[in-house]
**Student:** 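Let me give you the structure first, and then I'll get to my questions.
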There are 2 protein chains.
Amino acid sequence: MATMKDVASRSGVSVATVSAVIHDADWVSDSTRARVQRAIEATNYRPNHVARSLKTRRGYAIGAIVSDLTNPFFTEVVRSLSHALRQHDRSLFLCDSDHQFDLGATNLRMMQDKQVDGLIVIGDTVRPRLLAKFLEEAPEVPVIAIERAYDLDGVCCLLVDSEEGGYRATRHLIENGATRVAMINGPEEGAGSTTYGRAKRYEGYRRALNEAGLTFDAALVEQGTFRYESGKAALNRLLSLPTPPDAVFVANDMMALGALEAARNSGRNLPHDLMLVGYDDIPLASLTSPGLTTMAMPKHTLGTTAATLLHKQIETGRPTTASRHMFDATLVVRGSTRAPTP
Amino acid sequence: MATMKDVASRSGVSVATVSAVIHDADWVSDSTRARVQRAIEATNYRPNHVARSLKTRRGYAIGAIVSDLTNPFFTEVVRSLSHALRQHDRSLFLCDSDHQFDLGATNLRMMQDKQVDGLIVIGDTVRPRLLAKFLEEAPEVPVIAIERAYDLDGVCCLLVDSEEGGYRATRHLIENGATRVAMINGPEEGAGSTTYGRAKRYEGYRRALNEAGLTFDAALVEQGTFRYESGKAALNRLLSLPTPPDAVFVANDMMALGALEAARNSGRNLPHDLMLVGYDDIPLASLTSPGLTTMAMPKHTLGTTAATLLHKQIETGRPTTASRHMFDATLVVRGSTRAPTP
DNA sequence: CTGACTTACTTAAACGTTTAAGTACGATCC
DNA sequence: GGATCGTACTTAAACGTTTAAGTAAGTCAG
């Protein structure tokens, strides 16, 4: 591999001049610039990023720690991220923490060692304490958190407004004629958890009921585990009530698909006998029949916003204060709430 | 951040001695070693990986280029990879090429720039020409391909035996009493494609029929696109044949789920009226009811084998010849071929 | 014509390691 | 008691950049 030295000697200038040409310094004469450029091409020279990093203390890469790559939501975010970063000529260091908090320290250390220019933490995977330590040890590195609220100076949180999402989902059901709207909720959040508000989906549900003047019935709220089977079981319980619901808002798609299955097994005809709205818009939601109406997470927006924001902060320096950006989930209407119009 | 110099002066030795302590050189006296160790702890010293890389021309990272991170199969492989690499104290550079061949060059260049110690190419994303160029330009970097056969000296291909998988899937159906076994195949592979043999699943299907003495009926072979809808449509066509099949081997799970849907819509009772086997074992295959019997890809094995192999080759040098390792898909029996035993 | 300023460079130190080569000193051997 | 050897280090160059400081030659005002 050719180095600057080679290019320099070949074009009869010093390495400093070569460096200047590469960085488009304004003082190089046109003739010299051309000569150097030709030498660069002739030798097939490419700057050594490692040497450059050593000098500039930049890694020209950003790090991402994701709690579970298997989760399609996170996967999509990482994908958008990867694309956006390519645009900025930065590469991506990825760690899957596999939900294990104790890997957080290892992963963060790795990121520091690689001298990443920015860090993205996706999901619930790094404890605030550890992140705070990172912020302190690497004071120039901007940090962005996706779907996790931190209250740490310097980190910028990208969140999806779950309350509003829950509200919109429920309102959609009511607007389509539902009068007895149930909800299948996720598990109660642990006291220590600071994950941003999946619990809030429930609050949005309550708000929509209130607004529509529908009375809240605690019997219509079931609790699940976010998994397929639990959604199925929950809907079965709801359907065996003395007066079963005519619509259900389910806190995530996986459970909603379980509920869909249960509804079909019970002989219900969707959307006429029962309407269903999920949350997430996983790829499968469009494939069932009927398709699942659901609140789509702005995966792509989150990924690209994170990349753009990080890029800006790398240029201008990490903000000194914490900030939050709220994004909205958008309603995707499919067959589970709307009869196909032929 | 403390450097070796700090540690050296603090413990009254030269940087060379500090380096020796860090690398466990055998000549350092116990007392000096202890003194240095104490200084390391006191200063919270951590070696600068970038400087180390510059000197040793190693990046202490491996690069992975994946054709589509959204594909759950690839996601799982990457995840296992990420875990295995942590064990070896290496980090992971990831690029999602998004099926765009023209990104191959950019991605490969990025990997070279980052001085990765090894490269993993997952899926059909890098053209042989480009990879050959990489092999030439970075002659020490070992390369492993997963689910893609290259015939290039130095690259080691990890493949899943599709013929055998197709055979096992079909045999399973026959062993469970099927006499008229259909197949829903993937799209015909382009002439230029060197992807390793999804087409071979069909060959395995033929072999199993042959072996069982069942006559092959071309009307029983449908062609799909690997997508959900196409599986659904294909099964509908099969079911409307004068003598429909009593079992179907579907070339991937996505289509198999579509077929499952079609089967249920037709009022068929699985597995009694119809048996179904898919291929891949995507997470969803276990969630439908009945669950989908399928050929599970050895995702985890592929990931960890790639990591281990790479690790070894980084130590011993890249092999000079091409090689292939075959892995088997394993049958996972679920409700679509076996009635639940209560 | 002189001094100040500009242009177009060069020089050399620095970034933080690794490592080959050198060295000082004590022990061992005949 | 001098040569030889082993032990426990140190010295300094190198990896490939970036960049502050230096410089030589030309331009221009007074």
Side-chain angles (χ1 to χ4, degrees), chain A residues 1-37 39-40 43-61 89 109 112-117 137-138 140, chain B residues 1-37 39-40 43-61 89 109 112-117 137-138 140-141 314:
Chain A
M1 198 73 230
T3 75
M4 267 194 168
K5 243 181 176 163
D6 301 325
V7 176
S9 66
R10 198 174 221 275
S11 44
V13 297
S14 71
V15 289
T17 306
V18 177
S19 179
V21 169
I22 287 169
H23 290 92
D24 263 331
D26 50 1
W27 54 260
V28 187
S29 73
D30 287 350
S31 67
T32 309
R33 185 185 304 274
R35 214 147 24 90
V36 170
Q37 216 89 50
I40 286 179
T43 55
N44 206 349
Y45 168 76
R46 267 158 44 198
N48 181 320
H49 284 219
V50 176
R52 183 179 282 180
S53 284
L54 178 59
K55 193 74 224 230
T56 62
R57 2 221 63 220
R58 292 203 160 189
Y60 307 98
D89 250 316
R109 186 139 21 86
Q112 274 180 290
D113 287 345
K114 287 319 181 194
Q115 238 161 72
V116 295
D117 299 332
E137 287 180 359
E140 347 69 52
Chain B
M1 199 70 228
T3 74
M4 265 194 168
K5 242 181 176 165
D6 301 325
V7 176
S9 65
R10 198 175 221 276
S11 45
V13 298
S14 70
V15 289
T17 306
V18 177
S19 180
V21 168
I22 288 170
H23 290 91
D24 264 330
D26 50 1
W27 52 260
V28 187
S29 72
D30 288 348
S31 66
T32 309
R33 184 184 305 273
R35 213 147 23 89
V36 171
Q37 216 89 49
I40 286 178
T43 55
N44 206 349
Y45 167 76
R46 266 158 45 198
N48 181 320
H49 284 216
V50 175
R52 183 178 280 180
S53 284
L54 179 59
K55 193 71 216 198
T56 62
R57 3 220 62 221
R58 294 203 158 189
Y60 306 99
D89 251 315
R109 186 142 18 87
Q112 273 180 289
D113 287 344
K114 288 318 183 194
Q115 238 161 73
V116 295
D117 299 333
E137 287 181 359
E140 348 68 52
V141 179
I314 288 170

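Below, chain A is the first sequence line, B the second, and so on; all start at residue 1.
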**Student:** Is the shortest side-chain N/O distance from Ser53(A) to OP1 or OP2 of dC15(C) below 4.0 Å?
**Tutor:** no
**Student:** Could you say whether Ala51(B) or Ala16(B) is positioned toward the 5' end of DNA chain D, judged by the nucleotide with the nearest heavy atom to each?
**Tutor:**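 The residue whose closest nucleotide sits nearer the 5' end is Ala16(B).
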**Student:** Are Ser14(B) and dT10(D) close enough that a side-chain N or O sits under 4.0 Å from OP1 or OP2?
**Tutor:** yes
**Student:** Could you tell me the separation between the NE2 atom of His49(A) and the CG atom of Leu54(A), rounded to the nearest 0.5 Å?
**Tutor:**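 Rounded to the nearest 0.5 Å, the NE2-CG separation comes to 14.5 Å.
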**Student:** For dG16(C), does either OP1 or OP2 sit under 4.0 Å from a side-chain N or O belonging to Arg57(A)?
**Tutor:** yes
**Student:** Hey, is the side chain of Arg52(B) poking within less than 4.0 Å of OP1 or OP2 on dT18(C), counting only N and O atoms?
**Tutor:** yes
**Student:** When all nucleic acid strands are considered with a 4.0 Å heavy-atom cut-off, which category describes His23(B): base, sugar-phosphate, or nothing?
**Tutor:** sugar-phosphate
**Student:** Please report the distance, rounded to the nearest Å, between CD in Gln115(A) and C1' in dT17(C).
**Tutor:**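 Gln115(A) atom CD is separated from dT17(C) atom C1' by 12 Å.
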**Student:** Does dT17(C) have OP1 or OP2 under 4.0 Å away from a side-chain N or O of Tyr45(B)?
**Tutor:** yes
**Student:** Please report the closest heavy-atom contact between Ser53(B) and Val50(A), naming both atoms and the distance.
**Tutor:** CB-CG1, 3.7 Å
**Student:** Given 3.5 Å as the limit, does a donor-acceptor pair link the side chain of Arg58(B) with the main chain of Ile314(B), or not?
**Tutor:** yes
**Student:** Hey, could you give me the CZ/CG distance between Arg52(A) and Asp113(B), rounded to the nearest 0.5 Å?
**Tutor:** 9.0 Å
**Student:** Applying a 4.0 Å non-hydrogen cut-off, can you work out what Val13(A) is touching in the nucleic acid: base, sugar-phosphate, or nothing?
**Tutor:**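 Sugar-phosphate: the residue Val13(A), judged by heavy atoms under 4.0 Å, touches backbone atoms but no base.
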**Student:** Using the side-chain heavy atoms of Ser19(A), tell me which of these nucleotides is nearest: dT18(D), dT11(D), dG16(C).
**Tutor:** dT18(D)
**Student:** Between Lys114(B) and Tyr60(A), is there a donor-acceptor pair closer than 3.5 Å when you use the side chain of the first and the backbone of the second?
**Tutor:** yes
**Student:** At a cut-off of 3.5 Å, list every protein nitrogen or oxygen paired with a nitrogen or oxygen from nucleotides 5-8 of chain C, distance to 0.1 Å.
**Tutor:**
none

**Student:** Let me know which of Val18(A), Ile40(A), Thr17(A) forms a side chain to side chain contact (heavy atoms under 4.5 Å, CB included) with Met4(A).
**Tutor:** Val18(A)
**Student:** Respond yes when some side-chain nitrogen or oxygen of Arg33(B) is under 4.0 Å from OP1 or OP2 of dA8(D), and no when none is.
**Tutor:** no
**Student:** Do the charged groups of Asp24(B) and Arg33(B) touch, with an N to O distance under 4.0 Å?
**Tutor:** yes
**Student:** Using a heavy-atom cut-off of 4.0 Å across all strands, would you classify Arg46(B) as base, sugar-phosphate, or nothing?
**Tutor:** sugar-phosphate
**Student:** Side chain of Thr3(A) only, please: which of dA12(C), dG16(D), dC9(D) is the nearest?
**Tutor:**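 Between dA12(C), dG16(D), dC9(D), the one nearest the side chain of Thr3(A) would be dG16(D).
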